[in-house]
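The chains referred to below are lettered A, B, ... by the order of the sequence lines, with proteins before strands, and numbering in each begins at 1. Computation of the quantities below employed the complete heavy-atom set of this structure, encompassing side-chain atoms and omitting hydrogens, waters and symmetry-equivalent molecules. Predicted, not measured: the structure shown is a model, and the values here were computed from it.
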Amino acid sequence: MSGDVSIIGAGLSKFGRQPGRTGRDLALEAIAAALADAGLAWPDVQVAFGGSDGSGLADTLVADLGLTGIPFTNVKNGCATGGSALMSAMNAIRSGAAEIALAVGFDKHPRGAFDPRPEDWGLPAAYGEAGLMVTTQFFGIKIARYLREHGISERTLALVAEKAYRNGSLNPNAWRREPISADEIAAADMVNDPLTRFMFCSPGEGGAAIVLASESVAAGNGRAVRVLGAATRTRRFGSFEVFSPSIQGSGRPSSVSSDAAAAAFAAAGVTPDEVDVAQLQDTESGAEIMHLAECGFCKDGEQEAMIAAGETEIGGRLPVNTDGGCIANGEPIGASGLRQVHEIVTQLRGEAGDRQVRRGHSADPRVGFTHVYGAPGISACTVLAV
Amino acid sequence: MGRSLTGSRCRNCGNVAFPPARGCQSCGGSDQETLELGTCGTVWGFTVQRFAPKSPPYVVPEGGFVPFAVGYVELPEGVKVEAVLDCTDFARLDGAEVTLVATEPVPRFATDAALVSEGATS
């Protein structure tokens, strides 16, 4: 299965607040950028998949792209929307149904925290009245326990966020482009202990699109990036997720991120230590710390020394979230998964400018990894290579 | 008072769920029996809600918002139940033994110290 699908185009819209522009505008901008990157036009696309969490149906975009009559399937899979769209596009190529496929994700969220309704989550209204329908509580509970269990300091949370803003300052397309010091991050208002305001991403705006092609179409394309492996998973028994009235089972909760990452690595025939650059879901800085271990890049607890030594910095052994991640780019739910893929494609092509990762300080990276995680326990991972 | 949380146990695999399950998340079995859960447990994980959640849906208490602890209490049956946690010191909540004090609107547990202090003020 590996090596038969390649990414030949990747495009983003501007990320961050853009008054007067709709989510669909951002999707169209991203698709135009991805098609231009691939050297193609919309009529070349033979099948498309895409979606947003709250900004409309992707298949309506054909009204502005051109009515070419291709199958265009809407995807709505929370934070894994982009990953699911990508997986579907890959499978369409693998099945022989298409040679050129498009995946697109976009969103434009209002300011402030997400506003979940208990009834949408199968919970009594009382959970909202009692103040438990607060997304950030889940992240606080999970990382607080993890820090205690594995001897990781709260300072490390601040260092991860500091890196995100620093990388964002090097990324012309990022929303947050001002560096913020670890001291300022640690001293900011506490939201849910041990996480402060500057450690969280904010709901944001953006679109991302990826053009995939079969082996024969990609042949001879010097900028093609191979998809070595990809996997999406839903949670298994015993997992701990947002808005769970209980965690069932005994022992350590299962991790859907571990399952998806392991499946993607197995499909790729690659091990985590071969990865040169990674994008990990950083809904808040603790998530990046935990996902390093859940995706197989280190053992639990090793993150304290890894991060202190700068190993996840752009110049380090395993650069993580080189574009500033969700913390610096914001979280347009439908777009984030494909933004991650866009960044790895950019890095593997050696086109990342001021934030370019160098393997051994000279060569461009060869193997990259992307990971998204979201409610209610879904994950999508890819292993990409040149 | 007989105050307890009602959960369920799978008749096929024995997995305990809260709230009562329709189907078992562990084995997929559909045959569940109701079960009154133990009323004492230990704090498995927690955080502190430092700001007033958005209203609605949050209903601000009569005396105004004060930060409160929320987390998961591991019960003798093995299931960890999300609950509001009454305590006198957030820093001493990790692993603390707690007792069920309310089942509505959501489960609420209290540390021994909070039980003493609640008893003294009521």
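No salt bridge links A/K108 with A/D53; every basic N to acidic carboxylate O contact stays at or beyond 4.0 Å. For A/E288 and A/K163, the salt-bridge test passes: some basic side-chain N is under 4.0 Å from an acidic carboxylate O. A salt bridge between B/R50 and A/D189 is absent, with no side-chain N of the basic residue lying under 4.0 Å from a carboxylate O of the acidic one. A salt bridge links A/E294 with A/K142; the closest basic N to acidic carboxylate O contact falls under 4.0 Å.
A side-chain donor-acceptor contact under 3.5 Å links A/T283 and A/Q281. Under 3.5 Å, the side chains of A/E331 and A/S336 contain a donor-acceptor pair of N or O atoms. If you check the side chains of B/E97 and B/T111, you find no donor sitting under 3.5 Å from an acceptor.
Pairs passing the side chain to side chain donor-acceptor pair (under 3.5 Å) check and including a residue from residues 99-109 of chain B, sequence neighbours excluded, read B/D86-B/R108.
Taking non-hydrogen atoms and a 4.5 Å limit, the residue list of residues 125-137 of chain A in contact with chain B, ordered by number, reads A/A126, A/Y127, A/G128, A/E129, A/A130, A/G131, A/L132, A/V134, A/T136, A/Q137. Residues from residues 191-205 of chain A that place a non-hydrogen atom less than 4.5 Å from a non-hydrogen atom of chain B comprise A/V191, A/N192, A/D193, given in numerical order. Using a 4.5 Å heavy-atom cut-off against chain A, the contacting residues of residues 23-35 of chain B are B/Q25, B/S26.
For B/R92, the CZ atom sits in a loose shell: 12 or fewer heavy atoms of surrounding residues, nucleotides or ligands are nearer than 6.0 Å.
Both the backbone and the side chain of B/V70 have a heavy atom closer than 4.5 Å to some heavy atom of chain A. For A/P116, no part lies near chain B; criterion is any non-hydrogen pair under 4.5 Å. With a 4.5 angstrom heavy-atom cutoff, A/R117 does not touch chain B via any of its atoms. Contact of A/F138 with chain B is not made at all, since no heavy-atom distance falls under 4.5 Å.
In this structure, B/K80 is not positioned above the aromatic face of B/F46 in the sense of NZ or CZ being under 6.0 Å from the six-membered ring centre and within 45° of the axis.
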